[in-house]
Amino acid sequence: MNERYYAQAIELKWQKKWADAELFKVSEDKDRSKKYYLLEMFPYPSGNLHMGHVRNYSIGDVVSRTLKMQGYNVLHPMGYDSFGLPAENAAIKHNTHPAVWTSSNIENMNKQLKRLGLSYDWDREVQTYREDYYRWMQWLFIEFWKRGLAYKKENPVNWCPSCQTVLANEQVVDGKCERCGTPVTKKKLSQWYLKITEYADRLLDDLDELPGWPEKVKTMQRNWIGRSEGTEVEFRIKDMDETVTVFTTRVDTLFGTSFMVVSPELEFAEKLIEGGGYEKECREYQEQAKRMSDIERTSLTKEKTGQFTGRYAVNPVTGADLPIYLADYVLLGYGTGAVMGVPAHDQRDFEFATKFGLDIIPVVDPGREDVDVEHLTQAFEAEGKMINSGKYNGMDNEDAIAAIRADLEQRGIAKKTVNYKLRDWLISRQRYWGCPIPMVYCEEHGWQPVPEDQLPVLLPTDVEFTGKGESPIATSPSFQNAVCPICGKHAVREVDTMDTFLDSSWYFLRYCDPHNDKEPFSKEKVDYWMNVDQYIGGIEHAILHLLYSRFFTKVLYDMGMVSCSEPFKNLLTQGMVLKGGTKMSKSVGNVVSPDEIVERFGADTARLFILFAAPPEKELEWSDTGVEGSYRFLNRVYRLIYELAPQIENIPRVYTAETKEDKQLAFALNSAVKRVTGDVTGRFNFNTATSAIMELVNEMYSYKELEDVNMGLLADACDKTVLLLAPFVPHICEELWEGLGHEGFVSEHAWPECDESALVKDTVEIVVQINGKVRGRMDVPAGLSREELQETVMASDEAKALIDGKTVVKVISVPGKLLNIVVR
RNA sequence: GCCGGGAUGGCGGAAUUGGCAGACGCACGGGACUUAAAAUCCCGCGAUAGAAAUAUCGUACCGGUUCAAGCCCGGUUCUCGGCACCA
């Protein structure tokens, strides 16, 4: 053991020893009741780790290493989500191939991860861009297709003019492209979709079976799925042999309907426009709506717009003529794309009716003085009694929903329905660097999957990266030439690639069986490891990745390929790493590079600081002086062990705590063991776990200076301090463990147990309160009952002095804690 | 607008079940060691008054429940995050 703490040398030494000993390699051969699957979200290979990664992976590593020491068979894998646009952009910029850029980035990040001393089973590394992975991605896509869960359809879709590709709804944030911030426009394209809506109810309901997920994430998913129960009502169109159906959650307001609005993109709108007498105006309105970006269209400040079609629908209960308008506030993809306008009870309809001078008919009256339903200044959306509604008058409006629906059902013009905000998942991307969609189009047989024995459909290499126009794959003539698997005639291959979120929707299953070349994964292995017991990653994936992975798992469950229907049992969403109160970013210039910290202080210091500075779910403010503090602490531990090691090396760890100081140290030691155990594997509060160890170290520093030192106790405290710290700062702990004269790796040693008897004190300090205010403290024997405590304290001179001259009204006695004397 | 968090010293944060508010660390101040500096060690560190013992106040704000409230209840302000023309 060197006199000084040389972090670099120690860390490289032990990293090599771990690798040589294959310390973190796991297999399925152990008792399944002791298996634990710990997963951190795999990174995109951007080229460099940032502090967010360091935080994510440090958290995972502490948990993984602790569980390993506790005897669990821990699967702790790592890999790369390595398809995606940045590689393609880099290829265009540097005139190279995305694969070259990606693999060199992975190489560098692998080096960085290994330098942090993370306990991954590197034999299980998964890289989604490799053929051995995307081959099974294609296989799975075809299985989805066979089950009717994949289809191609022409629709107006979100289009990012900058990325030159379509985007899923989930990738449009505030009307802008999630990745580059360019306003998204609409484009009508034929695209592949996955039928996630078929799983909407299960995705929603099963959230209740995830108590280990943050409420916030579950709420976000519930809102995103957006289940809403209502009624579909069919309206006859006047002077036409047509009907139009609307969806409403408020069928109780049917008598208050005074107009109808349809989405300008709705196909049925064409029938209404033609011969309505306003063809020209309607075409213009449609053009105008098409040109607008989503931001403009959904802007809050935007006034309602619309165009009368010249047509009328007939209110099925009043017989009134309802003018039909085109209006862009009606969304095409939700409900039926047509809405009944009830201005008195819907704010949007109110604004529309006000602008176009349409009738406002109140049909729900709360009977409150502050609401005058005859002279509304805004829509009244709350509950009340029915008015102006024929035989339903006087009913509670909530009851009227069922009553009116039942009557309309009798007439065959209504039915109860459920709608979701969730849309099917658009997965086609007009880009090169992704998994090719393994489908070919035959004039005669339509879309057909590539036969299994021809998988994988490889990405072509004869392509040009120009960054302009169509997908680079479309520039490869050889790629597009294919054969129909049914008739053997010429077919055209799909040139779009898959959204990379598909790749990450099942990578956690591939980790269970990463080298399988017969199937995506063996059921046996997946059933051994799944579910993921603990998943750790950023909150930014609350909807996208976590919803898609749940969807995939459910489909695979239905296919019989996995035995669990939810992938992630527990979820921890870690907070961001900030500096100067804002997220680290190049443009702000507040980025702290992990390499730099590792170089100056070592990986252990970086890990310790990041775990100590804040609880994991909270944001973490980076502090350079705080890092130095963590480094100081490690030096302090190192010096302590270095000084004591020669004296205690041959001391048996057998002892009885005799003196008051012995008992104090034994108490500090065992409460640290208890605290760290609970904080690391229970609460995930690594900040309080580390501070408990700091307290123990402080205690040991004072203890060793005493004249009467119990060497067995001190030796035991040294061992256990190193054991407790090992998951946090593994390299220095291996070195100290060796320095203490132990054989083998501390990383493989059993986790220390708490000796509860050391936590039982002979005497306890009791707080004496007068009227709830602390007035004194006294030591009393431990274990006194409520009554005994009261008697002991009340008999003391101290208490008598405090009560002096006042009348005792009541005494509250809390054993082991306090005695509150209420006086007058 | 709707939904969900949060607000504790100069700072990050602790207080696990309603029971000593401020653990641990950072910063700062004082001291020891040193020719000196760094490192290290010791002491102090919520506010006000006081030489001190000590007293009073103090967990965003107002009110309530309780012997006792950072924690529970009602209301308010500020703040962060998510969703948002979903009929």
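Here is how names work: the chains are called A, B, and so on, in the same order as the sequence lines, proteins then strands, and each is numbered from 1.
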Handout entry: Of A/Ser228 and A/Thr219, the one whose closest RNA chain B nucleotide lies more 5'
Key = A/Thr219

Exercise for the section: Between A/Glu215 and A/Ile812, just flag the one whose closest nucleotide in RNA chain B comes earlier from the 5' side. Expected result: A/Glu215

Assign [X] to base, sugar-phosphate, or nothing according to its heavy-atom contacts below 4.0 angstrom with the strands shown.
X: A/Gln769; value: base
X: A/Arg222; value: nothing
X: A/Glu621; value: nothing
X: A/Phe612; value: base
X: A/Val767; value: base
X: A/Gly226; value: nothing
X: A/Val330; value: base
X: A/Asn223; value: nothing

Taking the [atom1] atom of each, how far is [N] from [M], in whole Å?
N: B/U77; M: B/G50; atom1: C1'; answer: 37 Å
N: B/G44; M: B/G10; atom1: C1'; answer: 15 Å
N: B/G46; M: B/G70; atom1: C1'; answer: 15 Å
N: B/U76; M: B/A87; atom1: P; answer: 27 Å
N: B/C26; M: B/C41; atom1: P; answer: 10 Å
N: B/U8; M: B/C45; atom1: P; answer: 22 Å
N: B/C11; M: B/U48; atom1: P; answer: 15 Å
N: B/G58; M: B/A49; atom1: C1'; answer: 15 Å

Exercise for the section: Check whether NZ of the Lys or CZ of the Arg A/Arg607 lies under 6.0 Å from the centre of the six-membered ring of A/Phe728 and within 45 degrees of that ring's axis. Expected result: no

Exercise for the section: Kindly indicate whether a cation-pi arrangement holds for A/Lys421 with A/Tyr334, taking the cut-offs as under 6.0 Å to the six-membered ring centre and within 45° of the axis. Expected result: no

Over how many whole Å does the gap from [X] atom [atom1] to [N] atom [atom2] extend?
X: A/Phe247; N: B/C85; atom1: CZ; atom2: C1'; value: 15 Å
X: A/Glu617; N: B/G4; atom1: CD; atom2: P; value: 19 Å
X: A/Ile693; N: B/G25; atom1: CD1; atom2: C1'; value: 14 Å
X: A/Asp624; N: B/C26; atom1: CG; atom2: P; value: 14 Å
X: A/Trp622; N: B/G25; atom1: CH2; atom2: P; value: 19 Å
X: A/Asn685; N: B/A23; atom1: CG; atom2: P; value: 17 Å
X: A/Leu634; N: B/G25; atom1: CG; atom2: P; value: 13 Å
X: A/Tyr420; N: B/A87; atom1: OH; atom2: P; value: 13 Å

[X] side chain: which of [options] is closest?
X: A/Val822; options: B/C67, B/A87, B/G13; answer: B/C67
X: A/Arg775; options: B/A55, B/A87, B/G12; answer: B/A55
X: A/Lys810; options: B/C67, B/U16, B/A14; answer: B/C67
X: A/Ala614; options: B/G13, B/A23, B/G82; answer: B/G13
X: A/Asn820; options: B/C85, B/A14, B/G19; answer: B/G19
X: A/Glu695; options: B/C41, B/C67, B/C24; answer: B/C24
X: A/Lys618; options: B/A87, B/G25, B/G13; answer: B/G13
X: A/Arg639; options: B/G25, B/U40, B/A87; answer: B/U40
X: A/Arg683; options: B/C85, B/U16, B/A87; answer: B/U16
X: A/Thr625; options: B/U16, B/G19, B/C26; answer: B/C26

Problem - Closest approach of A/Asn590 to A/Lys583 (non-hydrogen atoms, all atoms of both residues) - result: ND2-O, 3.4 Å

Under a plain distance cut-off of 3.5 Å, with no hydrogens placed, do [Y] and [X] share a side-chain donor-acceptor pair?
X: A/Asp604; Y: A/Tyr631; value: no
X: A/Tyr329; Y: A/Asp349; value: yes
X: A/Asp679; Y: A/Asn685; value: no

May I ask you to evaluate whether [X] reaches the phosphate of [N], defined as a side-chain N or O under 4.0 Å from OP1 or OP2?
X: A/Tyr329; N: B/A87; value: no
X: A/Arg675; N: B/U16; value: no
X: A/Ser623; N: B/C11; value: no
X: A/Asn698; N: B/G25; value: yes
X: A/Lys216; N: B/G4; value: no

Exercise for the section: Would you check, one step at a time, whether the test side chain to side chain contact (heavy atoms under 4.5 Å, CB included) holds for A/Gln574 with A/Lys618? Expected result: CA-CA 7 Å; A/Gln574 109 254 4; A/Lys618 278 192 98 165; over 6 Å; no

Practice task
For this output row, return yes or no: ring centroids of A/Tyr193 and A/Trp425 closer than 6.0 angstrom.
Solution key: no

Practice task
Classify the ring geometry between A/Phe352 and A/Tyr325 as parallel (under 30°), tilted (30 to 60°) or perpendicular (over 60°).
Solution key: perpendicular

Problem - Verdict with reasoning, A/Leu634 to A/Thr605, per side chain to side chain contact (heavy atoms under 4.5 Å, CB included) - result: CA-CA 7 Å; A/Leu634 291 183; A/Thr605 295; 3.6 Å; yes

Handout entry: Side-chain-base donor-acceptor pair under 3.5 Å for A/Arg632 and B/U40
Key = no

Practice task
Answer yes or no: side-chain N or O of A/Lys421 and base N or O of B/C83 forming a donor-acceptor pair under 3.5 Å.
Solution key: no

Handout entry: Electrostatic pair A/Glu215:A/Arg222 at N-O distance under 4.0 angstrom
Key = yes

Exercise for the section: Go through the steps for A/Phe609 and A/Glu628 under the test side chain to side chain contact (heavy atoms under 4.5 Å, CB included), then give the verdict. Expected result: CA-CA 9 Å; A/Phe609 169 72; A/Glu628 285 170 32; over 6 Å; no

Problem - Anti or syn - B/G75, cut at 90° from 0 - result: anti

Problem - Stems involving RNA chain B, each a run of at least 3 consecutive Watson-Crick or G-U pairs under 3.5 Å - result: B:1-7 with B:77-83, B:10-12 with B:24-26, B:28-32 with B:40-44, B:46-49 with B:54-57, B:60-64 with B:72-76

